[in-house]
Number of protein chains: 2
Amino acid sequence: MAAWRAFLSTSHLLERRIEEQLKSAAGLTHPQYEILVRLSEAPGRQMRMTELARGVIVSKSALTYQITQLEKAGLVERATCPSDDRGVLAVLTEAGLRCLERVAPGHLEVVRSYLIDRLSRDELRTVTTAMQKTEQALRSS
Amino acid sequence: MAAWRAFLSTSHLLERRIEEQLKSAAGLTHPQYEILVRLSEAPGRQMRMTELARGVIVSKSALTYQITQLEKAGLVERATCPSDDRGVLAVLTEAGLRCLERVAPGHLEVVRSYLIDRLSRDELRTVTTAMQKTEQALRSS
DNA sequence: AGCGGATAGTTCAAATCTGAACAACGCGTA
DNA sequence: TACGCGTTGTTCAGATTTGAACTATCCGCT
């Protein structure tokens, strides 16, 4: 249970730090940043809403809301899906890409300085596989 | 970065599971459950608001709100702090304690089945110390 | 005693999240 | 082709969170 306690506290504390850093650096929330990252890595810099929601792990309605916000900010656009008339594609704009490239270094710096750099190579490897295992278990059910 | 990605996903997925389990089992949210746990472990089953907020890692205003909710449910009571007239003590009631004892097993089962039991003894040990290190780093700044 | 800067909790407005309800579309089968 | 069911994304109401502003209190120093 000590593992769980520490895990829980760490995730909440880190979330706070990240939120604070992103907000002050770019006026972005953490979910918004994650959306930009996912889109930037997707082929064509675009993704279906549902797939994106699964990726960042928020409800469909939360994603609808956030995409609308990002659209207002000009970082993302909606496009109709050619293969499925029900579908909506979230597309990263040029401005969105530039925004991400501008913000990413500061964000990664926070993650590294608090999480990554504190751990030895062995610890990091073990933690990674452990987290991947539990993620897998949680996703498949 | 793989570590971070997996860590982030795991924490969000687990959070969802836990929220769902607690809500259906007792109508509690995860923050509310954590509040009950902290109080149950505190001497006199009571804690100052600020200390409690630091423990569960939420803002003071969020704690004020949640304590009010728990008070309505009869699980917690507010008491004036004898040593500091500004202070407020959150006190776990008998009903709160019984509620916690009723809900805890189901909650722990979720945490165990997804997080703890998937890891070897060595992995668990490493993850624990790693999380404790990062928690420490995050708290002291 | 009395001032002045910290601290404790609460209140408030704004933002965000979730689940349920809904409308529109896709797809297999008769 | 038409029915039925699953999927997609949005809308909506309600709950929760946060930070800022505020009130009340404490404490060290003069």
Side-chain angles (χ1 to χ4, degrees), chain A residues 8 11-24 26-35 39 46-73 76-91, chain B residues 8 11-24 26-35 39 46-73 76-91:
Chain A
L8 192 58
S11 75
H12 286 168
L13 287 166
L14 245 186
E15 200 69 49
R16 270 172 163 285
R17 287 298 159 117
I18 288 169
E19 204 77 42
E20 177 186 16
Q21 194 272 326
L22 285 174
K23 200 92 77 182
S24 76
L28 287 176
T29 66
H30 191 198
Q32 287 170 350
Y33 176 83
E34 285 298 319
I35 289 171
L39 288 179
Q46 58 185 25
M47 257 195 240
R48 288 289 294 272
M49 295 293 276
T50 298
E51 187 191 0
L52 189 48
R54 252 196 294 273
V56 300
I57 308 165
V58 291
S59 63
K60 290 183 297 174
S61 30
L63 184 63
T64 293
Y65 175 76
Q66 287 299 171
I67 292 293
T68 303
Q69 298 307 109
L70 289 169
E71 213 171 10
K72 285 180 194 168
V76 166
E77 281 174 357
R78 275 183 234 249
T80 59
C81 179
S83 62
D84 189 337
D85 279 350
R86 297 169 302 177
V88 171
L89 286 170
V91 187
Chain B
L8 192 57
S11 76
H12 287 167
L13 287 165
L14 244 185
E15 200 68 48
R16 271 174 163 285
R17 287 297 158 117
I18 287 169
E19 205 76 42
E20 176 186 15
Q21 194 272 327
L22 285 175
K23 200 91 74 181
S24 77
L28 286 177
T29 66
H30 192 199
Q32 286 171 349
Y33 176 84
E34 285 298 319
I35 289 170
L39 288 179
Q46 58 185 24
M47 257 195 240
R48 289 288 294 272
M49 294 294 276
T50 297
E51 188 191 359
L52 189 48
R54 252 196 293 273
V56 300
I57 309 170
V58 290
S59 63
K60 289 183 299 174
S61 31
L63 184 63
T64 294
Y65 175 76
Q66 287 300 169
I67 292 295
T68 304
Q69 298 307 109
L70 290 169
E71 212 171 11
K72 285 179 192 166
V76 165
E77 281 175 356
R78 274 184 234 249
T80 59
C81 180
S83 63
D84 187 339
D85 279 350
R86 298 169 303 177
V88 171
L89 286 170
V91 187

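Throughout, protein chains are lettered first and strands after them, A, B, ... in sequence-line order, and every chain is numbered starting at 1. Everything numeric in this text was worked out from a predicted model, so none of it was measured.
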Whole Å only: how far is the CD1 atom of A:Ile18 from the P atom of D:dT17? 19 Å
Any side-chain N or O of B:Arg78 below 4.0 angstrom from OP1/OP2 of C:dT10? yes
Under 4.5 Å between any side-chain heavy atoms of B:Lys23 and B:Thr29, yes or no? yes
With side chains defined as the heavy atoms from C-beta onward, is the minimum distance between B:Leu28 and B:Leu70 less than 4.5 Å? yes
Quick check on DNA chain C: between A:Asp85 and A:Gln32, whose nearest nucleotide comes earlier from the 5' end? A:Gln32
Provide, to the nearest angstrom, the distance between the CE atom belonging to A:Met49 and the P atom belonging to C:dA24. 18 Å
Where do N or O atoms of nucleotides 2-7 of chain C meet protein N or O atoms at under 3.5 Å, pair by pair?
{"residue": "C:dT7", "atom": "O2", "partner": "B:Arg86", "partner atom": "NH1", "Å": "2.5"}

More than 12 heavy atoms from other groups under 6.0 Å of CD on A:Glu77: no
Heavy-atom closest pair, residues B:Leu22 and B:His30: CD1-CA, 3.7 Å
Using the ring-ring contact (aromatic ring centres under 6.0 Å, His included) criterion, which residues pair with A:His12? Sequence neighbours excluded. none
Over how many whole Å does the gap from B:Glu15 atom CD to D:dT17 atom C1' extend? 13 Å
Distance (rounded to the nearest 0.5 Å) between A:Gln32 CD and A:Glu19 CD: 8.5 Å
For A:Glu19 and C:dT16, what is the distance between atoms CD and C1' respectively, to the nearest whole Å? 10 Å
Start with the C-alpha distance between A:Leu63 and A:Ile35, add both sets of side-chain angles, then the distance that settles side chain to side chain contact (heavy atoms under 4.5 Å, CB included), and finish with yes or no. CA-CA 9 Å; A:Leu63 184 63; A:Ile35 289 171; 3.6 Å; yes
OP1, OP2 of D:dT16 versus side-chain N and O of B:Gln69: anything below 4.0 Å? yes
note: A:His12, atom NE2; D:dT18, atom C1'; distance rounded to Å ~ 14 Å
Is the count of non-hydrogen atoms from other residues, nucleotides or ligands lying under 6.0 Å from B:Gln69 atom CD greater than 12? yes
Identify each atom pair where a protein N or O and an N or O of nucleotides 17-21 of chain C are less than 3.5 Å apart, giving names and distance.
{"residue": "C:dC17", "atom": "OP2", "partner": "A:Gln66", "partner atom": "OE1", "Å": "2.9"}
{"residue": "C:dT18", "atom": "OP2", "partner": "A:Ser59", "partner atom": "N", "Å": "3.0"}
{"residue": "C:dT18", "atom": "OP2", "partner": "A:Ser59", "partner atom": "OG", "Å": "2.9"}
{"residue": "C:dG19", "atom": "N7", "partner": "A:Ser61", "partner atom": "OG", "Å": "3.2"}
{"residue": "C:dG19", "atom": "O6", "partner": "A:Ser61", "partner atom": "OG", "Å": "2.7"}

For A:Arg48 and C:dG26, give me the distance from atom CZ to atom P, rounded to whole Å. 10 Å
A:Arg48/A:Leu89 under side chain to side chain contact (heavy atoms under 4.5 Å, CB included): CA gap, chis, key distance, verdict: CA-CA 5 Å; A:Arg48 288 289 294 272; A:Leu89 286 170; 3.7 Å; yes
May I have the distance from A:Lys23 (atom NZ) to D:dA20 (atom P), rounded to whole angstrom? 11 Å
What is the distance, rounded to the nearest whole Å, between atom CD1 of A:Ile67 and atom P of C:dT16? 13 Å
